[in-house]
Each structure stands twice: as C-alpha cells, then as structure tokens.
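To start, the structure itself, in structure tokens.
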Amino acid sequence: MKKTAYDIIRKPIITEQSMAAVAEKKYTFVVDKSANKIQIKKAIEEIFKGVTVQKVTTINYIGKPKRMGVHVGKRADWKKAVVKLTEDSKTIEWFEN
C-alpha cells in the first residue's frame, strides 16, 4: 500500500527550541519511522504548496522503558525530521503564530 504525504508527516513538534529554529527556516516534524529523507522532502513539498526543501535531517528515537506498578512496558519508538527550506522559498504559515 502506497503511503500518502499525510501518512509520512505525522505532526509538527512545537517546542521552544524548534520555534527558535523557525527564524532560520528550519521546521521540525514527527514522521513515519520507515520514511526516508527523499520521501519526507516530497511529502513536505506536497502538503505545503510553494515550499522548496533544501535539506532534511532525521533522528531516530528509541522508546524509554516505563513501569506502572508491577507492569513493565515501553514508550513507542519514533522518528523526528528537521526540514530546512531554501532562502527563496516561502515559509510554512502554520508555525508563524
């Protein structure tokens, strides 16, 4: 089954550090674990029209082990992507507010 752009880009990450990077045209997203940089680039350009991606950096996170009394479990593994846009690209308005 082919994944859509919305399957690859799960949600934005909004933290102090990621919002400070918006000034440099860097945007942070939670992405599908199996997505590669090329798929992430195409998905961002498809979702946000008029945006040109210059660089994609990805980071894999391993879920921490957690306990609730005697029950032992683990948080989900996830992947983060930092997308840098070109200088002449328009910004992603969603992060501006």
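Along the sequence shown, the residues carry numbers beginning at 1.
The backbone N or O of T28 sits nowhere less than 3.5 Å from a side-chain atom of S18 that would complete a donor-acceptor pair. Distance alone, capped at 3.5 Å, places no donor-acceptor pair between the K3 side chain and the A35 backbone.
Minimum interatomic distance between K25 and T91 (heavy atoms only, all atoms of both residues): CE-CG2, 3.9 Å. The two residues L85 and Q54 have their closest heavy-atom pair at O-OE1, 3.6 Å. G50 and S89 make their closest contact through O-OG, 3.9 Å (heavy atoms, listed as atom of the first residue, atom of the second, distance).
With sequence neighbours excluded, the residues that form a side-chain contact (heavy atoms from CB on, under 4.5 Å) with D77 are K33, I62, K74. By the salt bridge (Lys or Arg N to Asp or Glu O under 4.0 Å) test, D88 pairs with no residue at all, sequence neighbours left out. For K90, the salt bridge (Lys or Arg N to Asp or Glu O under 4.0 Å) partners two or more places apart in sequence, or in a different chain, are E93. Scanning for side-chain contact (heavy atoms from CB on, under 4.5 Å) contacts around K11 gives V30, with sequence neighbours left out. For R10, the side chain to side chain donor-acceptor pair (under 3.5 Å) partners two or more places apart in sequence, or in a different chain, are D32. For K26, the salt bridge (Lys or Arg N to Asp or Glu O under 4.0 Å) partners two or more places apart in sequence, or in a different chain, are E24. Taking the side chain to side chain donor-acceptor pair (under 3.5 Å) definition, one finds that T4 meets it with D7, sequence neighbours left out. For I38, the side-chain contact (heavy atoms from CB on, under 4.5 Å) criterion is met by N36, K42, not counting sequence neighbours.
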Between F29 and I92, does the side chain to side chain contact (heavy atoms under 4.5 Å, CB included) criterion hold? Intermediate values first, please. CA-CA 12 Å; F29 297 93; I92 297 175; 4.2 Å; yes
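Evaluation of the salt bridge (Lys or Arg N to Asp or Glu O under 4.0 Å) test over residues 44-54, restricted to residues two or more places apart or in two chains, returns none. Residue pairs meeting the side-chain hydrogen bond (donor to acceptor under 3.5 Å, both in side chains) criterion with at least one member in residues 56-71, sequence neighbours excluded, are Y61-K80.
Hydrophobic clustering of Ile, Leu, Val, Met, Phe, Trp and Tyr side chains at less than 4.5 Å, counting indirect connections, keeps V72 apart from M68.
When the options I44, T86, I40 are evaluated for a side chain to side chain contact (heavy atoms under 4.5 Å, CB included) with V53, the one that passes is I44.
In this structure, CD1 on I9 lies 14.0 Å from OH on Y27, to the nearest 0.5 angstrom.
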